[in-house]
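Each ligand, and each atom within it, is numbered from 1 in the order the structure gives.
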Amino acid sequence: MRKKVIAGNWKMNKVLSEATAFVDDVVGKVPNSDQVEAIVCAPFPYLSSLVEKTNGTKLRVAAQNMHFEENGAFTGEVSPAMLQDLGVTHVVLGHSERREYFAETDETVNKKTHAAFKHDLTPIVCVGETLEQREANQTMDHVATQVKKALEGLSDEQVANTIIAYEPIWAIGTGKTASSEDANEVCAQIRQVIKEVTTEDTAEKVVIQYGGSVKPSNIDELLATSDIDGALVGGASLEAESFLQLVEAGTK
Ligand SMILES: O=C(CO)COP(=O)(O)O
């Protein structure tokens, strides 16, 4: 059985004192369960202190982005080696906000996915359609292309260790959650696409999260479906209590 992965994506929020207070509050309360993995995806400046605070605990720390190159003249960027060196375990790649505002493409996401594995980082690859694409019945074509491109050239073992986050763009920060049936349908189809490019066994191992206005009141329903294995949560992950409720939901 796949474990549930609950990740809080803080985006560009919190100052250092707030970030450390959150982790101090949460770290001892993360359920000691093999069924759920809890991750905070924090801004770059806090990664070092948060990794130190969470060392030896059940809480993992992720970056929200990285460059695909090892090093070089890329002012303002952070390399995979830097994240690995800090002790970061996961990295969010291809979030729709990065695709929209920072020119992230399927090609750069693919390069980053390879770079992540090279540095022992688990990629959380975000995919999802716009409202226009959904209304034009293009959801599955679009999401399938994003998934296939992101995974291109990876070994089956690497694919099995990739986390996919299905985040319909129209549901992010809007309060509009995809119904659990609709979200699960897309996640099941993503698994089917992975099956086609790898093997059934590999596809069954891939953790597929849903993201988009997930909160303590709707997570149970989402996690009760066949193919949603966790959540990538923005707004509702910013408060310790709400984050812990979301993680708790993963143990049920
Ligand atoms: O983009 C998201 C997580 O990466 C979702 O954000 P919200 O949970 O605030 O809708």
Give a yes-or-no answer on whether the side chains of Ser242 and Gln245 include a donor-acceptor pair shorter than 3.5 Å.
no
Which ligand 1 atoms are under 4.0 Å away from a heavy-atom of His95?
1 (O), 2 (C), 3 (C), 4 (O)
Looking just at side-chain N and O atoms, do Thr54 and Thr57 make a donor-acceptor pair shorter than 3.5 Å?
no
Could you tell me whether some N/O pair between Thr174 and ligand 1 is separated by less than 3.5 angstrom?
no
Proximal candidate to atom 2 (C) of ligand 1 [heavy atom criterion; set Glu97, Gln209, Glu167, Gln64]
Glu167
Looking at ligand 1, does any of its N/O atoms fall within less than 3.5 Å of an N/O of Gly173?
yes
Any N or O on Gly234 sitting closer than 3.5 Å to an N or O of ligand 1?
yes
Test Asn161 against Thr122 for side-chain hydrogen bond (donor to acceptor under 3.5 Å, both in side chains), laying out the working first.
CA-CA 7 Å; Asn161 288 310; Thr122 300; over 6 Å; no
Close approach of Gly211 to ligand 1, heavy atoms, under 4.0 angstrom
no
Flag the pair Glu97 and Lys11 as a salt bridge only when some basic side-chain nitrogen lies within less than 4.0 angstrom of an acidic carboxylate oxygen.
yes
Any heavy atom of Ser213 closer to ligand 1 than 4.0 angstrom?
yes
Hey, is ligand 1 close enough to Asn9 that some N/O pair sits below 3.5 Å?
yes
Below 4.0 Å from any atom of ligand 1, is there a heavy atom belonging to Ala171?
yes
Just by distance, with hydrogens left out, do Glu100 and His95 show a side-chain donor and acceptor under 3.5 Å apart?
no
Looking only at heavy atoms of Lys11, does any of them come nearer than 4.0 Å to an atom of ligand 1?
yes
I need the atoms of ligand 1 closer than 4.0 Å to a non-hydrogen atom of Gly235, numbered in the order shown.
7 (P), 8 (O), 9 (O)
Less than 3.5 Å apart, any donor N or O on the side chain of Glu129 or His142 sitting next to an acceptor on the other?
no
Check the pair Glu221 / Ser180 against side-chain hydrogen bond (donor to acceptor under 3.5 Å, both in side chains), numbers first and verdict last.
CA-CA 6 Å; Glu221 200 187 320; Ser180 50; 2.9 Å; yes
Would you mind writing out the side-chain donor-acceptor pairs for residues 16-28 within the sub-3.5 Å range, not counting sequence neighbours?
from	atom 1	to	atom 2	distance (Å)
Glu18	OE1	Val15	N	2.8
Thr20	OG1	Leu16	O	3.0
Thr20	OG1	Ser17	O	3.2
Asp24	OD1	Lys53	NZ	2.9
Asp24	OD2	Lys53	NZ	3.4
Asp25	OD1	Lys29	NZ	2.8

